[in-house]
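Along the sequence shown, residues carry numbers from 1. Hydrogens, waters and symmetry mates play no part in the numbers below; they use all other heavy atoms, side chains included.
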Amino acid sequence: MSDVTTRIQDLIDSNDVVLFMKGTKEMPQCGFSSRVAGVLNYMAVPYEGINVLSDADIRQGIKDFSDWPTIPQLYVKGEFVGGCDIITEMTLSGELDQLLSKKGVTFDQAAADKIREANA
């Protein structure tokens with residue numbers, strides 16, 4: 001296992017929810033990262049944001065690790081969930097709530113419901 005793979009695995013193992021993104025939770029640097037971080041922030045999901053722009057090894061390494069070509073990438077309790085389109089769909093369908101609940105991750109159910117109402 002390469003050094004980068006080990007670092008990525010350690011990040012995923014040591015945090016219940018990890019978002020590999022461009023930029024930070026507070027200041028995403030691309031629209032897709034902004035959308036996913038916005039959903040997680042709004043739903044008050046506790047997560048670790050990993051800025052791939054500050055580490056070229058992680059930026060390429062996470063794509064190889066997940067065999068997924070784009071950033072952002074969301075992991076919940078060690079499981080790769082998906083990128084922006086998948087997270088958006090899961091949020092609107094309620095699947096993200098179900099996944100978080102099943103995995104024992106706290107979130108604001110009222111906020112999740114509000115996102116769906118606003119997009120109905």
Between the side chains of E79 and K103, is the shortest nitrogen-to-carboxylate-oxygen separation below 4.0 Å, so that they form an ion pair?
yes
Which distance, rounded to the nearest 0.5 Å, do you find between the CG of N51 and the CD of Q29?
7.0 Å
When rounded to the nearest 0.5 Å, the distance separating CD1 of I71 from CE of M21 is 10.5 Å
Verify the distance criterion only: is there a donor paired with an acceptor across the side chains of N15 and Y75 at less than 3.5 Å?
no
Least distance between heavy atoms, W68 atom then I86 atom
CH2-CD1, 3.4 Å
Minimum heavy-atom distance F107-V105, with the two atoms named
CD2-O, 3.5 Å
Just checking F32: does its CZ atom have more than 12 heavy atoms from other residues, nucleotides or ligands closer to it than 6.0 angstrom?
no
Is there side-chain contact between D55 and R59, with at least one heavy-atom pair below 4.5 Å?
no
Report yes or no: do T91 and T88 form a side-chain donor-acceptor pair below 3.5 Å?
no
I'd like to know whether CG of D67 has more than 12 heavy-atom contacts from other residues, nucleotides or ligands below 6.0 angstrom.
no
Here the side-chain hydrogen bond (donor to acceptor under 3.5 Å, both in side chains) pairs for residues 105-114, sequence neighbours left out, are D97-Q109, Q109-D113, D113-R116
Which atom names give the shortest non-hydrogen contact between Q73 and S66, and what distance separates them?
OE1-OG, 2.8 Å
R35, CZ atom: more than 12 neighbouring heavy atoms under 6.0 Å:
no
Same cluster or not: are I115 and L40 linked, directly or through other Ile, Leu, Val, Met, Phe, Trp or Tyr residues, by side-chain heavy atoms under 4.5 angstrom apart?
yes
With heavy-atom distances below 4.5 Å as the criterion, would you say the side chains of K22 and P72 are in contact?
no
Could you tell me the separation between the CZ atom of R7 and the CD1 atom of I12, rounded to the nearest 0.5 Å?
12.5 Å
Decide side chain to side chain contact (heavy atoms under 4.5 Å, CB included) for V76 and D16; before the verdict, give the C-alpha distance in whole Å, the side-chain angles of both, and the deciding distance to 0.1 Å.
CA-CA 6 Å; V76 176; D16 286 348; over 6 Å; no
